[in-house]
Number of protein chains: 2
Amino acid sequence: MNNHKKITIKDIATALEISPSAVSRALHNHPRISESTKKLVHETAKEMGYQPNQLATALRKGKSHLVGVIVPRTNSHFFSSIIEKIEEALDAKGYNIIITQSNESFEKECRNIDALLQIQVDGIIASMANETVDFSHFEKIKESGIPLILFDRGENDIGVDYVGIDDYESSHMIVQHLIEQGCKRIAHIAGFSHTRIYKNRIRGYIDALKKFNLPNDEELLVEGSLTIDDGREKMKALLELKDRPDAIYVASDYAALGALQVLQERGIKVPDDIALVGFGDEPFTSLVTPTITSVHQYSKKIGALTAQQFLKRVDDKNWIPHLHKLILKPELVVRASSKKDLGIN
Amino acid sequence: MNNHKKITIKDIATALEISPSAVSRALHNHPRISESTKKLVHETAKEMGYQPNQLATALRKGKSHLVGVIVPRTNSHFFSSIIEKIEEALDAKGYNIIITQSNESFEKECRNIDALLQIQVDGIIASMANETVDFSHFEKIKESGIPLILFDRGENDIGVDYVGIDDYESSHMIVQHLIEQGCKRIAHIAGFSHTRIYKNRIRGYIDALKKFNLPNDEELLVEGSLTIDDGREKMKALLELKDRPDAIYVASDYAALGALQVLQERGIKVPDDIALVGFGDEPFTSLVTPTITSVHQYSKKIGALTAQQFLKRVDDKNWIPHLHKLILKPELVVRASSKKDLGIN
DNA sequence: AAATATTGCTCAAACGTTTGCACAAATAAA
DNA sequence: TTTATTTGTGCAAACGTTTGAGCAATATTT
C-alpha cells in the first residue's frame with residue numbers, strides 16, 4: 001500500500017533506524033556496507049516503492065544525465081530517424097534526451113539553447129535552423145563547458161564536432177549522373193547559400209559543370225527555402241526561361257516534389273522532357289509517380305555516430321579530446337524521374 | 001569575460017556584498033526589495049552571465065517544469081505533428097518536454113515511465129504501444145500524483161483524461177462511403193483488437209455492415225500489426241479468397257500502402273476492381289498514384305487539446321478536477337482510390 | 001513624542017542526494 | 001596483551017535555490 005507522498009532515502013532510513021548515508025551507500029553497493037543491511041535496504045526500498053529523485057542527484061553530482069537535442073523539426077523522416085538512433089544510443093548509457101524544435105527560426109533556436117542550459121543538460125546535439133547565420137548562441141554552449149555536437153546543418157568554423165555527409169561530392173554525383181543521361185542544361189534549385197550544406201551543394205554543382213565542360217548559366221541557379229511551395233515557385237520561374245533546362249537538381253526532396261507537381265500539371269514529361277533529382281531520400285520519393293531519384297543521407301548512421309561522439313566527449317575517460325569531423329560518403333539512389341531510357345533496351 | 005565556471009546566485013551576492021536571498025528576491029521582483037538593488041542585481045547578473053540552475057529550483061520548489069511525452073514513434077507524421085503542437089503549447093507556459101519512444105514495445109514503455117518518474121516530471125502525456133495490454137505501469141503514474149493524459153492510443157478504463165477521435169464513427173463513415181460507391185463485399189484489414197482504437201474501428205465496421213444489411217463475412221476481417229509489410233501480407237491473403245472483396249478498408253495508411261502495392265503488382269485496378277480506404281491521412285496518401293482515401297485525424301488539434309488539458313490539470317487553479325474525455329469527429333477525405341466513377345459524368 | 005506600520009534586508013532551514021571524515025567495534029597481526 | 005588494520009556506520013557539509021521568520025532602520029500615524 002503506497003502512500004501518495006513521495007518517499008525518500010530519509011524515510012527508508014528512519015524505518016530501518018539507520019542513517020540516510022548508510023541507505024544511500026547500501027543502494028549503491030558501497031563496499032563498506034554489510035551485506036545484511038544492503039539486503040535489508042534494498043528490500044524495504046522496493047517494498048516502500050522508493051523512486052530515487054534524479055533532480056537531487058543531479059544537483060549534488062553536477063550531472064543531470066539529460067541531453068538536449070535541437071532540430072529544425074521532427075516532422076521529417078530524416079530528422080526523426082536520426083533522433084531515433086540518438087535516443088537509442090544514449091538511453092543505453094542512462095541519458096534522457098530533450099528534443100526541441102527550432103522550426104527553422106533563429107530566435108526559437110536561441111530560446112531553446114537558453115532553456116536547455118538552464119535545465120543543466122550535460123550536452124547539446126544540434127542541427128541548425130535555416131535562418132541561422134550568427135553563431136554566438138552556440139558559442140555560449142561552448143563557454144558553458146558542456147560538449148556540443150552538430151550534425152547535418154553544422155557550421156564548421158566554430159570549432160565543434162560535426163557529423164554529416166559530403167554535400168560537395170553529392171552534387172558531383174548528381175551532375176555526373178544527369179550528364180550520363182544525356183542532359184545538357186542542368187538547373188539547380190538550391191537552398192540559401194549562407195547555410196553551409198547548401199553552399200557546398202552549390203559549389204559542387206558549379207564545379208561539376210565546369211569539370212564536364214558545361215557552361216555555368218547563372219539563370220539556372222536559384223536559391224530558396226526549399227519547401228514544397230518554394231519548389232513550385234522556382235520550377236515555374238525556370239519554365240519561364242526562353243532556353244529551358246532539360247534537368248533539375250533540387251537540393252531537397254520536398255521542393256523536388258513541388259517541382260514535380262508543376263511539371264505534371266503542365267504536361268511536361270519526366271524524365272523525358274526534363275529529368276528531376278531530389279535530395280534526402282525521404283520515403284515518399286519512392287511512392288510518387290514517377291519515383292524520384294535522390295541522395296540517401298544515411299540518417300540512421302548519422303544519428304548513431306553523433307550519439308557515439310557525444311558519449312566519447314562526456315563519458316569516455318580514455319578519449320583524447322580533439323576536434324572530430326565526420327563526413328560520410330552519400331549514395332545516389334537512381335529512380336524513374338531521372339532514368340532516361342537511352343534507347344539501349 | 002566569462003570564467004569557465006558556472007556562476008551562481010551566491011557569486012552575485014558576494015560581488016554585490018548582499019545576501020543570496022536578496023539576490024534571489026531581486027531577480028524575482030519581490031516587492032520588499034528596493035528598486036535600486038533590483039536594478040543593480042539584474043545588471044550584474046547579465047554582466048556575469050548568470051544562468052539560473054533550474055535543477056536547484058526544481059528541487060526546492062518540487063516542480064521540474066519538465067513534461068514527459070511517450071509515443072510509439074516520432075517517425076510518423078501523425079505523432080510528430082501532435083508533438084509539435086504539444087511542445088508549442090507547453091513551451092509558452094515554461095515547460096520543456098522530454099520525448100521518449102516506446103517503439104511499440106511494452107517493456108520499453110515501462111522503462112520510459114520509470115525514467116520519467118525519476119526525473120520528477122510534472123506530468124506525463126502518452127500514447128500507448130501496440131503491445132500494451134497491462135496497464136499497471138500507468139497506474140504507477142497515477143499513484144505518484146502527477147497528471148497523466150492519454151491521446152489516440154488510450155485505454156479508457158483506468159480513469160485518466162483522454163483526447164482522441166471517434167474511431168467507431170470513422171468506420172461507419174468509411175463503410176457508408178464504400179457502399180455509396182457500389183461496393184458489396186467490404187473487407188477490413190484491422191489492427192489488433194486488444195488495442196482500444198482498433199477494437200472500436202472493428203466494432204464500427206461490423207455494426208455498419210449490419211446497419212446497411214451487408215452480410216458480415218468473417219473471412220473478410222483480418223487483424224495485424226498494420227505495417228507496410230503487414231498490409232502486403234494481408235492483402236495477398238484476401239486475394240486468395242474464392243469470393244474476393246470489392247473494397248478494402250485498412251485501419252492504417254501504412255498498411256494501406258502495402259496493400260496498394262500488391263494490387264498494382266497484380267494488375268488489379270484501383271478503385272474499379274477493388275476500392276481502397278486507409279486511415280490517418282498521412283501526407284503520402286495524396287502523393288501516391290492513385291491517391292488514397294483516408295480519415296483525417298486532426299493531429300494538430302489533438303496535440304493542442306492534449307496540451308491544454310495537461311495545463312488545466314497542472315496549472316489552472318480555477319479548474320475543477322474531473323475526468324475529461326474528448327472525442328473528436330473525424331473527417332473522411334475522399335481521394336482516387338475509392339472514388340468510382342459511377343458513369344454519371 | 002510615542003506608538004505603529006512599512007521598507008529593505010539578513011539568517012537559516014529546506015528540497016533529496018552524495019561523500020569526506022571521524023569513530024567505534026571487530027578482527028588480525030605482533 | 002598491545003598495536004595495527006579492517007569493517008560498518010554516523011555526522012555534517014555540500015549542490016543552488018527559495019522562503020518564513022526576524023530585525024533594524026525609516027516612514028507614517030496618533
Side-chain angles (χ1 to χ4, degrees), chain A residues 3 5-42 44-45 48-66 94 117-122 144-146, chain B residues 3 5-42 44-45 48-66 94 117-122 144-146:
Chain A
N3 317 344
K5 285 293 91 188
K6 316 215 164 187
I7 69 115
T8 77
I9 268 191
K10 244 176 211 169
D11 299 324
I12 303 180
T14 52
L16 259 50
E17 295 184 312
I18 57 176
S19 75
S21 20
V23 176
S24 172
R25 288 196 241 255
L27 289 171
H28 290 79
N29 264 314
H30 193 282
R32 299 276 286 272
I33 298 291
S34 72
E35 289 303 321
S36 54
T37 44
K38 272 184 194 171
K39 180 166 289 180
L40 216 60
V41 167
H42 277 109
T44 47
M48 299 175 74
Y50 169 67
Q51 289 270 29
N53 184 330
Q54 280 213 1
L55 247 44
T57 311
L59 181 59
R60 177 62 228 253
K61 295 236 221 176
K63 231 190 141 184
S64 65
H65 280 266
L66 295 174
L117 289 178
Q118 290 189 185
I119 303 173
Q120 311 289 118
V121 291
D122 289 346
S144 84
I146 61 173
Chain B
N3 317 344
K5 285 292 93 185
K6 316 214 165 188
I7 69 115
T8 77
I9 268 191
K10 243 176 213 168
D11 299 325
I12 303 180
T14 51
L16 258 50
E17 294 186 313
I18 57 176
S19 75
S21 17
V23 175
S24 172
R25 290 188 160 109
L27 289 171
H28 289 80
N29 262 315
H30 192 283
R32 298 277 285 272
I33 298 291
S34 72
E35 290 303 321
S36 55
T37 44
K38 272 184 194 170
K39 180 166 289 182
L40 216 60
V41 167
H42 277 109
T44 47
M48 299 175 73
Y50 169 67
Q51 290 270 30
N53 184 331
Q54 281 212 0
L55 247 46
T57 311
L59 180 60
R60 176 63 228 255
K61 295 235 219 176
K63 231 190 141 185
S64 65
H65 280 264
L66 295 174
L117 289 178
Q118 290 190 185
I119 304 175
Q120 310 289 116
V121 292
D122 289 346
S144 84
I146 61 172

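Proteins get letters first, then strands, A, B, ... in listed order; numbering begins at 1 in each.
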Euclidean distance, atom [atom1] of residue [X] to atom [atom2] of [N] [Å, nearest integer]:
{"X": "K63(A)", "N": "dG16(C)", "atom1": "NZ", "atom2": "C1'", "value": "19 Å"}
{"X": "R32(A)", "N": "dA26(C)", "atom1": "CZ", "atom2": "C1'", "value": "13 Å"}
{"X": "Q120(A)", "N": "dG16(D)", "atom1": "CD", "atom2": "C1'", "value": "9 Å"}
{"X": "I9(B)", "N": "dT19(D)", "atom1": "CD1", "atom2": "P", "value": "11 Å"}
{"X": "H30(A)", "N": "dG10(D)", "atom1": "NE2", "atom2": "C1'", "value": "13 Å"}
{"X": "Q51(A)", "N": "dT17(C)", "atom1": "CD", "atom2": "C1'", "value": "15 Å"}
{"X": "E35(A)", "N": "dT7(D)", "atom1": "CD", "atom2": "C1'", "value": "12 Å"}
{"X": "L16(A)", "N": "dG10(D)", "atom1": "CG", "atom2": "P", "value": "10 Å"}

query = Which heavy atom of S64(B) sits nearest a heavy atom of D122(B), and at what distance?
reply = N-OD1, 3.0 Å
task = Measure across Y50(B) and I7(B) and return the closest heavy-atom pair with its distance rounded to 0.1 Å.
result =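 Where Y50(B) meets I7(B) most closely, the heavy atoms are CD1-O, 3.3 Å.
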Under 4.0 Å between any heavy atoms, over every strand shown, what does [X] touch: base, sugar-phosphate, or nothing? Just pick one.
{"X": "T57(A)", "answer": "sugar-phosphate"}
{"X": "T8(B)", "answer": "sugar-phosphate"}
{"X": "L55(A)", "answer": "nothing"}

key: K6(B) (side chain) donor-acceptor with Q51(B) (main chain) under 3.5 angstrom   = no
inquiry  = Nearest heavy atom decides the nucleotide; on that basis, is K61(A) or V23(A) closer to the 5' end of DNA chain D?
reply    = V23(A)
inquiry  = Let's test your reading of the model: under 3.5 Å, does the base of dG10(D) pair with the side chain of R25(A) as donor and acceptor?
reply    = yes
query = Ignoring hydrogens and angles, are the base of dC11(D) and the side chain of S21(A) linked by a donor-acceptor pair under 3.5 Å?
reply =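 Indeed there is one.
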Distance below 4.0 Å between T37(B) side-chain N/O and dC9(C) OP1 or OP2 = yes
N/O (side chain, S19(B)) to phosphate O (OP1/OP2, dT10(C)) under 4.0 Å =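 Checking dT10(C) against S19(B), a side-chain N or O does come within under 4.0 Å of OP1 or OP2.
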query = Starting at the 5' end of DNA chain C, which residue's closest nucleotide do you reach first, I33(B) or A56(B)?
reply =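 Its nearest nucleotide being more 5', the pick is I33(B).
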note = Assert: residue with more 5' nearest nucleotide on DNA chain C, out of S24(A) and P20(B), is P20(B)
message = Checking side-chain contact (heavy atoms from CB on, under 4.5 Å) between I18(A) and each of I33(A), L40(A), I12(A), V23(A), which is the one that passes?
response = V23(A)
task = From the options dG8(C), dC15(C), dT9(D), select the nucleotide whose nearest atom is closest to the side chain of L59(B).
result =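 Looking only at side-chain atoms, L59(B) lies closest to dC15(C).
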task = Report yes if the side chains of L66(B) and Q120(B) come closer than 4.5 Å at any heavy-atom pair, otherwise no.
result = no
